[in-house]
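Below you'll find the structure, written out as structure tokens, and then a few comments.
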Amino acid sequence: MLKYDKNEYIVDYKKLKKVVFSAVHFLDNVIDVNCYPLPQIDEMTKANRKIGLGVMGFADMLYRMKVPYNSKQALKLADEIMAFIDKASKEASCELAKKRGVFPNWDKSIFREKNLRVRNATTTTIAPTGTISIIAGVSSGIEPAFALAFVRKVMDNEELLDVNPIFKDMAVKRGFYNDSLMRRVSAAGTLKGLDDIPDDIKKVYVTALDTEPYWHISMQAAFQKHVDNAVSKTVNFPNKATKDDVRKVYLMAYDMGCKGVTIYRDGSRDTQVLNIGDSSSNKADIEDLDEPLIPRERPQITRGITEKVRVGCGNLYITVNYDENGICEVFTNVGRAGGCPSQSEATSRLTSVALRSGMDVKELVGQLKGIRCLSTIRQKERDKRIKVLSCPDAIARVIEKVMDMKDETNPEDSDGDPDTQDNGDEKDQKGHTATCPECGSKIEHESGCVICPNCGYSKCS
């Protein structure tokens with residue numbers, strides 16, 4: 001929505017108004033063509049005909065206009081643009097009302113008091129637009145750019161390097177773009193401290209973590225003044241942020257009239273969608289440990305089970321053993337159909353080392369369970385015997401089974417009196433916990449039928 005005029009970019013309000021009118025018309029049509037899951041939702045939606053026209057790419061627009069996100073000039077632009085969109089959307093809604101009538105609940109609304117005959121009870125909102133902004137190739141909603149270059153984790157933790165195209169174009173034109181610089185910007189996540197970048201560029205190309213909470217909330221408030229519904233906005237905190245920092249932001253948002261606020265502290269999740277630099281930077285360094293972890297010796301005698309599991313490449317035989325100190329080793333062997341024995345063996349060896357080093361078994365299972373293998377998933381559609389997602393997933397499930405088996409054979413480890421406890425598991429005629437004939441997991445009695453919560457087996461089906 002910008003146009004180049006007299007050696008600078010300015011907002012093209014003529015084009016913006018035309019698009020607003022078209023968008024309001026389109027969104028009003030969507031209400032009628034939607035298929036609603038419940039008649040009550042259908043009735044309420046059509047009674048108020050609320051729509052939510054919003055924006056995205058705001059931070060990129062500021063880059064084009066050479067306006068810093070954390071500036072009064074940016075707040076002024078936000079106020080002017082959203083006020084224009086709000087006014088234009090109401091005009092468009094009034095034009096629709098002349099042709100199609102006002103929304104059914106108009107008589108009960110504030111618009112009756114204003115004598116404003118609109119087609120829609122609300123016309124504006126600021127949505128997150130996280131995914132569609134990626135498709136469009138612009139910044140998300142009204143957020144500042146997360147980083148000028150960063151790592152985006154997608155699918156099965158595949159990492160993609162994402163570089164802001166406006167920054168790249170400008171760097172090429174100014175003559176300081178090179179691959180080495182892009183790597184340094186990606187590692188730092190900001191232009192601060194990079195001496196070979198001009199100061200005027202550093203001032204304009206600020207990112208989310210360069211932006212103080214005051215500017216985050218002030219920007220949200222500037223848009224909220226002209227938005228009927230809520231505004232999606234996240235205040236990004238560095239990893240060192242405190243509870244008091246969060247408290248100040250929530251109170252600031254309340255005082256400025258925001259309908260809600262979201263905060264995120266970098267590194268507060270083990271895995272996050274957007275990362276800058278080294279994603280492991282917030283973890284303790286191995287040098288900080290007094291002594292390196294050394295796995296205990298393999299015991300001479302172990303007990304355990306071996307289970308045949310169907311995977312995409314054929315049969316996988318998984319052995320999980322334990323001793324008096326807990327689960328201590330995992331072995332795998334593939335059947336005659338072949339497969340990837342090296343991968344399975346590598347997983348089992350590393351798992352065994354981690355177990356004998358004292359790693360929490362549940363944590364280990366959590367890391368392995370759910371890993372997906374394309375071969376297994378494809379074959380699963382044809383072979384109903386396959387109950388797992390991959391070889392690592394199968395290993396995790398067998399480890400879980402051994403954990404359950406150990407709990408049953410060591411009732412003194414459980415809470416309360418084992419003779420009087422009833423955990424709801426289905427029992428066989430001898431009083432033992434019954435197992436699933438398909439996967440061997442414990443089965444339960446539910447809704448008058450015996451089912452397996454692990455693989456979905458049902459005695460009634």
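Reckoned from all heavy atoms, side chains included, excluding hydrogens, waters and symmetry mates. Quick note: residue numbers are just sequence positions, from 1.
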- Contact check, side chains of Ile399 and Val402, non-hydrogen atoms, under 4.5 Å: no

- Are the side chain of Ser93 and the backbone of Ser89 linked by a donor-acceptor contact shorter than 3.5 Å? no

- Hey, what do you get for OG (Ser218) to CG (Asp79), rounding to the nearest 0.5 Å? 12.0 Å

- Message: When you measure from the side chain of Ser352 to the backbone of Val330, do you find a donor-acceptor pair of N or O atoms at a distance under 3.5 Å?
- Response: yes

- Query: Any sub-3.5 Å donor-acceptor pair from Asn164's side-chain atoms to Ile166's backbone N or O?
  - Reply: yes

- Closest non-hydrogen atom pair between Leu364 and Ala354, with its separation: CD1-CB, 4.2 Å

- Message: Tell me whether Thr124 contacts the main-chain N or O of Asp228 through its side chain, where contact means a donor paired with an acceptor under 3.5 Å.
- Response: yes

- Whether over 12 other heavy atoms sit under 6.0 Å from Leu38 CG: yes

- Message: Does atom NZ (Lys380) have a neighbourhood of more than 12 heavy atoms from anything else shown, all under 6.0 Å?
- Response: yes

- Query: Once you round to the nearest 0.5 Å, how far does CD of Glu212 lie from CG of Asp210?
  - Reply: 9.0 Å

- Item | Test side chain to side chain contact (heavy atoms under 4.5 Å, CB included) applied to Leu389 and Ile371, step by step | CA-CA 7 Å; Leu389 300 175; Ile371 292 177; over 6 Å; no

- Using a strict cut-off of less than 4.0 Å between a Lys/Arg side-chain nitrogen and an Asp/Glu carboxylate oxygen, indicate whether Asp244 and Lys248 qualify as a salt bridge. yes

- Could you tell me whether the side chain of Phe167 reaches within less than 4.5 Å of the side chain of Asp60, counting heavy atoms only? no

- Task: Could you tell me whether the side chain of Ser390 and the main chain of Asp393 form a donor-acceptor pair under 3.5 Å?
- Result: yes

- Between Ala78 and Met219, which heavy-atom pair has the shortest distance, and what is it? CB-SD, 3.6 Å

- Are Ile386 and Thr376 close enough that some pair of their side-chain heavy atoms sits under 4.5 Å apart? yes

- For Arg349, check salt bridge (charged side-chain N to carboxylate O under 4.0 Å, His left out) against everything at least two apart and list the hits. Glu345

- Message: With a 4.5 Å cut-off on side-chain heavy atoms, are Lys14 and Asp12 touching?
- Response: yes

- Query: Would you find a donor on one side and an acceptor on the other, under 3.5 Å apart, between the side chain of Arg265 and the backbone of Pro238?
  - Reply: no

- Message: Please determine whether a side-chain nitrogen of the Lys or Arg among Lys362 and Asp360 lies less than 4.0 Å from a carboxylate oxygen of the Asp or Glu.
- Response: no

- Query: What pair of heavy atoms forms the shortest contact from Gln220 to Gly260, and how long is it?
  - Reply: NE2-O, 2.5 Å

- Run the side chain to side chain contact (heavy atoms under 4.5 Å, CB included) check on Trp215 and Leu75 step by step: do they pass? CA-CA 9 Å; Trp215 294 107; Leu75 297 180; 3.7 Å; yes

- Check the surroundings of atom NZ in Lys87: do more than 12 heavy atoms from other residues, nucleotides or ligands lie under 6.0 Å from it? no

- Test item: Lys3 and Ile10 side chains (from C-beta on) under 4.5 Å apart, heavy atoms: yes

- Message: Checking Lys90 against Asp86 for the salt bridge (Lys or Arg N to Asp or Glu O under 4.0 Å) test, could you report, in this order, the C-alpha distance in whole Å, the side-chain angles of both residues, the deciding distance, and whether it holds?
- Response: CA-CA 6 Å; Lys90 296 298 187 294; Asp86 185 49; 2.7 Å; yes

- Query: Around Tyr214, counting heavy atoms of other residues, nucleotides and ligands shown, do more than 12 lie under 6.0 Å from its OH?
  - Reply: no

- Message: Under the criterion side chain to side chain contact (heavy atoms under 4.5 Å, CB included), I'd like the reasoning laid out for Ile85 against His226: C-alpha separation, chi angles, the key distance, then a yes or no.
- Response: CA-CA 8 Å; Ile85 293 174; His226 310 290; over 6 Å; no

- Item | Side chain proximity check, Phe146 to Ser140, heavy atoms < 4.5 angstrom | no

- Minimum heavy-atom distance between His216 and Ala208, given as atom pair plus value: NE2-O, 3.2 Å

- Aromatic rings Phe58 and Tyr69: how do their planes relate, parallel, tilted or perpendicular, breaks at 30° and 60°? perpendicular

- Item | Atom of Tyr205, atom of Leu191 and distance for their closest heavy-atom approach | CB-CD1, 3.8 Å

- side chain to side chain donor-acceptor pair (under 3.5 Å) contacts touching residues 99-115 (sequence neighbours left out): His25-Arg100, Asp28-Arg100, Asn29-Arg100, Asn48-Asn105

- Task: Give a yes or no on whether Lys50 atom NZ has more than 12 heavy-atom contacts from other residues, nucleotides or ligands under 6.0 Å away.
- Result: no

- Without swapping roles, check the side chain of Glu91 against the backbone of Phe21 for a donor-acceptor pair under 3.5 Å. no

- Can you tell me how far CG of Asp255 sits from CD1 of Ile217, rounded to the nearest 0.5 angstrom? 10.5 Å

- Task: Please answer whether the main-chain N or O of Ala230 pairs with a side-chain N or O of Thr125 as donor and acceptor at a distance below 3.5 Å.
- Result: yes

- Item | Enclosure of Phe176 CZ (heavy-atom neighbours >12, cutoff 6.0 Å) | yes

- Message: So, taking the atom named OG1 in Thr122 and the one named CG in Asn229, what distance separates them when rounded to the nearest 0.5 Å?
- Response: 4.0 Å

- Query: Has Glu43 got more than 12 heavy atoms of other residues, nucleotides or ligands less than 6.0 Å from its CD?
  - Reply: no

- Query: Between Ser344 and Thr332, does any side-chain donor sit less than 3.5 Å from a side-chain acceptor?
  - Reply: no

- Message: Nearest 0.5 Å, please: how far is OG1 in Thr45 from OH in Tyr36?
- Response: 4.5 Å

- Task: Determine yes or no for a side-chain-to-main-chain donor-acceptor pair under 3.5 angstrom, with Lys202 supplying the side chain and Leu194 the backbone.
- Result: yes

- Query: Any side-chain heavy-atom pair from Lys18 and Tyr13 closer than 4.5 angstrom?
  - Reply: no

- Task: Would you indicate whether the side-chain heavy atoms of Arg397 and Lys369 approach each other to under 4.5 Å?
- Result: yes

- Look at the side chain of Tyr63 and the backbone N and O of Val206, then say whether any donor-acceptor pair between them is shorter than 3.5 Å. yes

- With rounding to the nearest 0.5 Å, note down the distance linking OG in Ser139 to CE in Met61. 9.5 Å

- Task: Show your reasoning for whether side chain to side chain contact (heavy atoms under 4.5 Å, CB included) applies to Val24 and Leu27.
- Result: CA-CA 5 Å; Val24 169; Leu27 291 173; 5.9 Å; no

- Query: If you take all heavy atoms of Glu143 and Ala59, which pair is closest and at what distance?
  - Reply: O-CB, 3.2 Å

